[in-house]
Amino acid sequence: MSIEESTTPKHFIREIIAKDVAEGKHGGKVVTRFPPEPSGYLHIGHAKAICLGFGMAKEFGGVCHLRMDDTNPVKEEAEYEESIKEDIRWLGFDWGENLYYASDYFEQLHGFAIQLIEAGKAYVCQLSQEEWRDYKGSPTEPGKESPYRNRSVEANLDLFKKMTDGELDEGPHVLRAKIDMVSPNLHLRDPAIYRILKVPHHRLGNKWSVYPMYDFAHSLSDAIEGITHSLCSLEFEVHRPLYDWIIEQVQAFPSKQYEFARLELGYTVIGKRNLKELVEKGLVSGWDDPRISTLAAFRRRGYTPESIRNFCETIGLTRFKSLTDIALLEHSIRGDLNAKVSRVLGVLDPLKVVIENYPEEKEEILEGINNPTNLDAGTRDVPFSRELYVEREDFMEDAPKKFFRLTPGREVRLRYAYFITCQEVIKNEQGEVVELRCTYDPETRGGNAPDDERSKGRFIGFPRGMLFRQRFASMIGYLPRKSR
RNA sequence: UGCCCGAUGGUGUAGUGGUAGCACAAACGACUCUGACUCGUUUAGCCAUGGUUCGAGUCCAUGUCGGGCAACCA
């Protein structure tokens, strides 16, 4: 009809990058990064960030770094690094040679900290945490300057060295950036950039007794790696001025941060701390418990990487919080599985069916199509005999006209087999249906059924002792059914 | 009581001063050896009030509502 619309929807990040590339910023290079903290498994929300980071890099001929943001040894473990790498690979992304660790930059970061001290832009503060809180002020009140704020450069250098050498205990001694205690942005009120932590790091052991704080480590790690577009979620928006300030002070590579709204899904708990709590309290069976929103769990449920990537593309990207309908995710996986997964039959709640006019000893093999949307997927044997089981849900004694499955007197098709008609319903003493006596029509054998008008009612499945309700399956997963 | 960000059908979004589109969901119908898929139809939207303009979802002002910010977490 009209202009061909681009398959990739526009969003503000894409436009920013496209503009930068067009203007030749950074020589037209695009370097993004995904910086997980190895303190938990990746979840569906991370998938959005991963698809964005790797997606943008790929789209603009750049690269996306995977950087373990391991700056807090009390929370991080090696186990998580492996799961993170596995999940990203599974999603279909490749960081190539670009696997980094914030901890690999500790030496450089430490040097930057000294540089800051020498420039009079950082100082060692000895306020207790309670005092600190008091001095910091609040969103509505300005903060007060720490009495340690104007120590000499020499004193600061000496104290920071003592902190680094492990001569001071964890506690009051903290290296702070000297910015502005009355800034309306609380993050600029002389934020901590280094604290003493006498905890072994999972990669570096006891090498360090001081560790950089997020803002300091993250901004400079980005700069060290030459990240052109540092994409993160909205909650870091208020950190941006600090991010820029730090990079500016040490004249590092001018990485820029851009924020977008994180994913929120209906009926779904997303959030590493929440998931971690569920796992650690034993409320779920593990990080891949199918009920939770980790990528490991979705994988176990049979979700495909394609469906998740497609979902991430579908939901778009904005700067305002929203709650995405879980139906969007389900639509994505349903469409993907429908196109490429072989069907299987299974019965959850069996009800016996006896075909009265089918020979006692006879058993025949019928042909079932593995995937109607892709005949190349072949066929499978579907046994048929006098006794079968159907899903109890597929029978209704007193059925409304809209019920297309088994009900007394109505002829229906057993998928890939014959038309059958329920002649009699057998119940036990409690009045529960325990067996159906049916007849079949030999002329209606699956595949070449003559009829048309007759088979208004039809349904699925079956074999051997079992007549099954059909489900898609991939591994142990299943296709989420549309809620009715 | 401060500062920052945001606001388009039920949901997610596009629209960059010139006819408000798309997807999901829902309803109805067609098709079907999966009540699936597919196809068709329908329902339904610019937070409010002013202003600028020939013309405003878009620009401006004010208001309303929502979110974020006071870890030695990331």
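Residue numbers begin at 1 in each chain, while the letters A, B, ... track the order of the sequences.
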Are the side chain of A:T444 and the backbone of A:P442 linked by a donor-acceptor contact shorter than 3.5 Å?
no
With a cut-off of less than 4.0 Å, is there a side-chain N or O of A:R189 near OP1 or OP2 of B:G2?
no
Tell me whether the OP1 or OP2 atom of B:U13 has a side-chain N or O from A:S322 closer than 4.0 Å.
yes
Quiz question: going by heavy-atom distance under 3.5 Å, is there a donor-acceptor pair between the base of B:A71 and the side chain of A:H187?
no
By the 4.0 Å heavy-atom rule, please label A:N185 as base, sugar-phosphate, or nothing.
nothing
If you check every side-chain atom of A:R133, which of B:G12, B:U34, B:A71 has the closest atom?
B:A71
Between B:G35, B:C72, B:C37, which one does the side chain of A:R405 approach most closely?
B:G35
Any idea which of B:A14, B:C72, B:U11 is nearest the A:T318 side chain?
B:A14
A:H331 or A:H239, whichever maps to the more 5' nucleotide of RNA chain B:
A:H331
From the set B:A74, B:C5, B:G2, return the single nucleotide nearest to any side-chain atom of A:E237.
B:C5
Comparing A:R319 and A:A261 on RNA chain B - which has the more 5′ nearest nucleotide
A:R319
Which one, B:C37, B:A70, B:A7, comes nearest to the side chain of A:R334?
B:C37
Determine the Euclidean distance between corresponding P atoms of B:A36 and B:C28; express it in Å to zero decimal places.
12 Å
State, with a plain yes or no, whether a side-chain heavy atom of A:I246 is found less than 4.5 Å away from one of A:F112.
no
